[in-house]
Every structure is written in structure tokens, then in C-alpha cells.
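Presented below is the structure to which this report refers.
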There are 2 protein chains.
Amino acid sequence: MTAESAPRERVRDAERTRAEIIEVATHEFADQGYAGARVDEIAAKTRTTKRMIYYYFGGKEGLYLAVLEGAYQRIRALEQELDVEHLEPVEALRRLAEMTFDHHESHPDFVRLVAIENIHYAKHLSSSASREVLAAPALDVLTRIMERGRAAGLFRDDLDALDVHMIISAFCVFRGANRYTFKAIFDRDLFDPRLRDHLRAMIGDLVVSHVTAGRP
Amino acid sequence: MTAESAPRERVRDAERTRAEIIEVATHEFADQGYAGARVDEIAAKTRTTKRMIYYYFGGKEGLYLAVLEGAYQRIRALEQELDVEHLEPVEALRRLAEMTFDHHESHPDFVRLVAIENIHYAKHLSSSASREVLAAPALDVLTRIMERGRAAGLFRDDLDALDVHMIISAFCVFRGANRYTFKAIFDRDLFDPRLRDHLRAMIGDLVVSHVTAGRP
DNA sequence: GCCTGAACGGACCGGTTCGTTCATAGGAGC
DNA sequence: GCTCCTATGAACGAACCGGTCCGTTCAGGC
């Protein structure tokens with residue numbers, strides 16, 4: 001037997017219970033908001049009880065914080081493994097925008113949690129320990145791309161990487177976060193599959209035309 | 001005495017009571033979200049009582065709906081009085097973007113209410129009678145500008161007015177709705193006065209360079 | 001097998017919150 | 001001045017909800 005035995009089915013499994021609570025809570029908080037989510041309801045949807053939520057997370061707020069940190073950790077991991085060094089700057093930039101587009105499309109809970117956290121003035125995120133680690137991965141790749149683009153004379157040289165990041169983010173977040181009021185008012189579903197490629201190309205075009213504006 | 005007597009201080013003034021409740025509730029819902037806002041708290045901040053909220057609005061949900069409709073009505077009125085017909089297309093487009101930028105900056109409650117309504121899947125807005133009236137004013141001006149731009153050969157002819165509206169909206173809404181998480185992560189306050197002109201010019205540049213891409 | 005501590009469940013508690021009830025003050029018309 | 005109806009206020013109630021208490025079960029070391 002090795003030191004690490006095969007994880008056979010355990011009746012009592014702290015790690016599993018904890019993970020299940022987080023998973024259910026992520027969806028519940030994203031769906032209902034912080035005040036709207038019910039601890040009883042979250043507990044009912046797990047295979048454990050409310051008592052366990054307090055046992056592991058201390059309370060509703062502790063659970064919410066764990067949910068939020070988990071969601072951010074997942075996108076951060078994704079950003080770090082993006083490799084566009086082998087692409088030319090223009091194509092790399094487009095690829096980065098499309099990756100953000102794809103991620104936000106396939107992680108609606110993340111987009112909603114961010115919106116909810118902003119409703120609360122980001123007070124939880126601000127006091128979170130993992131906060132300071134989040135900026136770098138998101139910006140490093142973009143900074144490298146822009147350096148290469150400038151060096152090759154393809155990009156404008158008066159642009160800030162954070163500005164460009166904001167443009168991409170704004171577009172992709174808006175599509176997810178405001179799709180319902182947008183649909184209600186303009187009767188256009190931004191998540192309609194027939195619209196997907198069009199919008200995906202659009203954020204690419206938009207950001208590329210912006211950083212190359214006034215260049216040959 | 002004219003038919004309409006001067007509105008002297010009345011002890012009992014239905015219109016005034018109603019308006020005051022709406023005003024307080026707008027700020028409270030925008031600040032706390034629907035589930036987070038407290039009816040008792042709203043009542044306490046007016047010069048009337050909770051009883052009046054139920055008397056005039058039926059309940060919490062009715063009040064929220066009235067708040068939402070009021071907020072949309074105000075921006076709609078603003079859009080309708082925008083006059084850019086005398087400007088050339090490129091300048092008109094920039095002006096429209098800047099007007100949206102300015103409005104969203106000076107009406108943070110509106111931006112937050114929209115975010116909150118999206119958390120609720122726009123279910124209140126969808127069932128609101130005023131919903132269908134909202135699309136036209138927002139789009140009419142833009143459609144006219146783009147027609148003129150295309151006719152003059154200045155703009156691309158493969159663009160949808162709603163797409164362009166989305167770009168402007170995304171940028172301006174993101175700035176207001178996501179400022180707190182953005183600040184927490186990147187340590188940049190999107191509402192910093194020193195950044196205002198830069199960002200205001202940016203959305204103008206962005207949208208102009210997009211609609212004129214590939215044109216002389 | 002027994003003992004210890006981690007993992008767990010269900011009942012319960014106290015404060016909060018939406019909504020209601022009862023009572024009444026004030027103005028408009030006669 | 002009387003009456004009727006709108007506007008208003010204070011207090012109440014019932015459900016809800018976050019959080020806690022007490023007791024139980026399971027796994028593993030010895």
C-alpha cells in the first residue's frame with residue numbers, strides 16, 4: 001500500500017462535503033444574490049445539513065466569501081495557462097479577447113457573482129486575501145502582447161494595457177450581466193447561438209481596430 | 001387667484017408623499033438590492049410610514065416596479081431631447097457616446113438598478129407596461145446618425161445600430177457597474193476625476209474607429 | 001474492543017421583516 | 001356644522017431566517 005491510498009468511497013468525507021456545499025452555494029448565490037440566497041435552501045440542496053455550513057464556513061458570509069474566492073481562482077487558473085507567445089501580436093490580441101469571450105459565456109455564474117459583489121461595493125473581495133493575486137495573471141499576457149505589438153510598429157504606443165483589458169472585459173461582462181434587460185428592451189438575446197460568432201468576431205475587431213488605429 | 005393655486009404647504013399631499021417614497025426607495029433599492037432593501041427602513045427615511053407604502057404601491061414588489069419604471073422614464077426623457085442633427089455624422093456619433101457616458105456617470109442609481117434587475121432576470125421589467133416604449137428613443141437617434149454616415153461614405157455599411165449601441169452601453173455601464181471589483185483587483189478607480197476625460201475620449205475613439213474602420 | 005476526536009443531524013431560539021388591522025385626522029361638498 | 005372619503009399613523013402578528021445547542025455516528029490509533 002502506498003502512503004496515499006486510493007480514495008475509496010467514504011461515508012464521511014470532509015473534503016467532499018465541503019466541496020459539495022461550495023458547489024451548491026455558488027449556484028444559489030449567483031442565482032439569488034447574497035441577501036436573496038437562503039442558508040436553509042442551500043443546505044436542503046446538498047446531502048448534508050445547515051449545521052455543516054456553520055461547521056465549515058462559520059456562517060453565511062464566510063460561505064459567500066469561499067464561493068467568491070473559488071470562482072475567481074478558477075478563472076485565474078485559466079488565464080495562466082493561455083499561451084499566445086507563438087502568435088503574431090494582432091492575432092494574439094484577438095485570441096485573448098476571444099478567450100475572455102468564451103470563458104464568460106461558459107461561466108455565467110462567475111459573471112453574476114461579480115455583478116452581485118459590485119452591488120455590495122466589493123466589500124468582501126476587498127478584504128479577501130486572494131485579492132492581490134488576481135491582477136497579475138489577467139494583465140501579464142496582455143502586457144506582453146502589447147509590448148511586442150508596439151515593438152513591431154503595429155500598435156499605437158500611447159495605450160495602457162489596463163485600458164485595453166477594460167474594453168474586452170466591458171464587452172464580455174456586459175453581454176452576460178445585462179442580457180436580460182437588453183432582451184426585455186431590444187428583444188435581442190445576446191446569448192442566441194446564431195449571434196455568437198458575430199459578437200465574438202466583434203470584440204476581436206473592436207479591440208484590434210482600436211490598438212491599430214492610425215497605423216498602416 | 002388662478003385656477004391652479006400656489007402649492008401651499010399642505011399637511012396632506014398624496015402626490016408629495018408618493019414622490020417622496022419613490023425617491024427614498026430608489027436610493028434604497030439601488031444601494032441594497034431588492035432582497036436587501038428593507039421596507040421598514042425605507043419608511044423610516046421618509047416623513048411618512050410603512051402603511052403608506054402599502055397604501056400607494058400595494059407592497060414591496062409594487063414599490064420596486066414603480067422605482068424601476070421611474071428610473072427608465074427619466075433616461076428616456078433625456079434621450080429624446082438630444083439633438084445632434086446639426087452635427088456631421090462622426091461628431092454626432094461621438095456626442096451620443098459622450099452623452100451616454102455623462103448620463104451613466106451622473107446617475108449611478110440607474111446603473112445599479114439595471115444591474116439589480118438583471119440579477120432578477122429582468123422579470124419585473126419584462127412584465128412592465130412601459131417596457132416596449134424604451135427601445136425606440138435609445139435607438140432612433142443612433143439609427144439616423146448611421147444612415148447619414150453611410151450616405152456620406154464615412155461609415156462602414158455592414159453595421160447594425162443595435163451593435164453600436166451595445167458597444168457604447170457596455171463601456172459606460174461597465175464603468176459604473178463594475179467599478180468596485182475593478183478597483184479591488186486593479187487598484188484603479190474608474191470614477192477618479194483625473195481619469196474621466198481620458199475614459200470619455202476613449203469610448204468616443206473606440207466607437208468612431210469601429211464604424212469608420214477601413215475607410216479613408 | 002475501546003477510546004478519542006472529527007464529522008454530522010435535527011430541533012430549537014431570538015430577532016427580523018413583510019404585511020395587516022384598527023383607529024382617526026383632515027379636507028371637500030352640502 | 002355635518003358627513004363622507006381620502007390620507008395617515010401606531011401597533012400588532014405570523015412567518016421567516018440566520019445562527020446555536022445538544023446529542024449521535026463513524027474512522028482510525030492503540
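Given the structure is predicted, the values throughout are model-derived calculations rather than measurements. Chain A is the first sequence line, chain B the second, and so forth, proteins listed ahead of strands; every chain is numbered from 1. Scope of the values below: all heavy atoms of this structure, side chains included, with no hydrogens, waters or symmetry mates.
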Examine distances only and state if a side-chain atom of B/Glu117 and a backbone atom of B/Leu125 form a donor-acceptor pair shorter than 3.5 Å.
-> yes
Which part of the nucleic acid, if any, lies within contact of A/Phe57, taking any heavy atom under 4.0 Å across all strands shown: a base, the sugar-phosphate backbone alone, or nothing?
-> nothing
Evaluate the side-chain contact (heavy atoms from CB on, under 4.5 Å) criterion for residues A/Met166 and B/Phe186: first the C-alpha distance (whole Å), next the side-chain angles of each, then the deciding distance (0.1 Å), finally the verdict.
-> CA-CA 10 Å; A/Met166 182 192 166; B/Phe186 301 110; over 6 Å; no
Rounded distance in Å - CD (A/Glu15) to C1' (D/dA27) | 17 Å
Could you go through nucleotides 12-18 of chain D and list every protein N or O atom that sits under 3.5 Å from one of its N or O atoms, giving the distance for each pair?
unit_1 : atom_1 : unit_2  : atom_2 : d
D/dC17 : OP1    : A/Arg38 : NE     : 3.0
D/dC17 : O5'    : A/Arg38 : NE     : 3.3
D/dG18 : OP1    : A/Ala37 : O      : 3.4
D/dG18 : OP1    : A/Arg38 : NH1    : 3.3
D/dG18 : OP1    : A/Lys60 : NZ     : 3.1
D/dG18 : OP2    : A/Val39 : N      : 3.1
D/dG18 : N7     : A/Lys50 : NZ     : 3.2

Quick one: which residue pairs count as a salt bridge (Lys or Arg N to Asp or Glu O under 4.0 Å) with a foot in residues 48-72 of chain B, not counting sequence neighbours?
-> B/Asp40-B/Lys50
Roughly how many Å is it from CD1 in A/Ile53 to C1' in C/dC8, rounded to a whole number?
-> 13 Å
Atom CZ of A/Arg16 to atom P of C/dC8: distance rounded to whole Å?
-> 11 Å
Side-chain donor-acceptor pairs under 3.5 Å in residues 70-85 of chain A, sequence neighbours left out?
unit_1  : atom_1 : unit_2   : atom_2 : d
A/Arg74 : NE     : A/Gly70  : O      : 3.3
A/Asp83 : OD1    : A/Glu85  : N      : 3.3
A/Glu85 : OE1    : A/Arg144 : NH2    : 3.2

Spell out, as yes or no, whether a donor-acceptor pair under 3.5 Å connects the side chain of A/Thr26 to the backbone of A/Ile22.
-> yes
Whole-Å distance separating the CZ atom of B/Arg51 from the P atom of C/dG19 = 13 Å
For C/dA7, does OP1 or OP2 lie under 4.0 Å from any side-chain N or O of A/Thr48?
-> no
N/O (side chain, B/Thr17) to phosphate O (OP1/OP2, D/dT8) under 4.0 Å | yes
Which residues pass the ring pair (Phe, Tyr, Trp, His ring centres under 6.0 Å) test with A/Phe101, sequence neighbours left out?
-> none
How close or far is atom C1' of D/dG19 from atom CE of A/Met52, stated in whole angstroms?
-> 14 Å
Ordered by number, residues from residues 18-28 of chain A within less than 4.0 Å of DNA chain D (heavy atoms) are none
Starting at CD1 of B/Ile145, measure out to CD of B/Glu91 and round the result to the nearest 0.5 Å.
-> 10.5 Å
Check the distance between C/dG10's P and A/Tyr55's OH and give it to me in whole angstrom.
-> 17 Å
Ignoring hydrogens and geometry, is there a side-chain-to-backbone donor-acceptor pair from A/Arg112 to A/Asp31 under 3.5 Å?
-> yes
Side-chain donor-acceptor pairs of residues 197-206 of chain A under 3.5 Å, sequence neighbours excluded:
unit_1   : atom_1 : unit_2   : atom_2 : d
A/His198 : NE2    : B/Asp163 : OD2    : 2.6
A/Arg200 : NE     : A/Asp102 : OD1    : 2.8
A/Arg200 : NH2    : A/Asp102 : OD2    : 2.8
A/Asp205 : OD1    : A/Arg94  : NH1    : 3.0
A/Asp205 : OD1    : A/Arg94  : NH2    : 3.3

Nearest-nucleotide pick for B/Tyr56, side chain only, options being D/dA7, C/dC8, D/dG9 = D/dA7
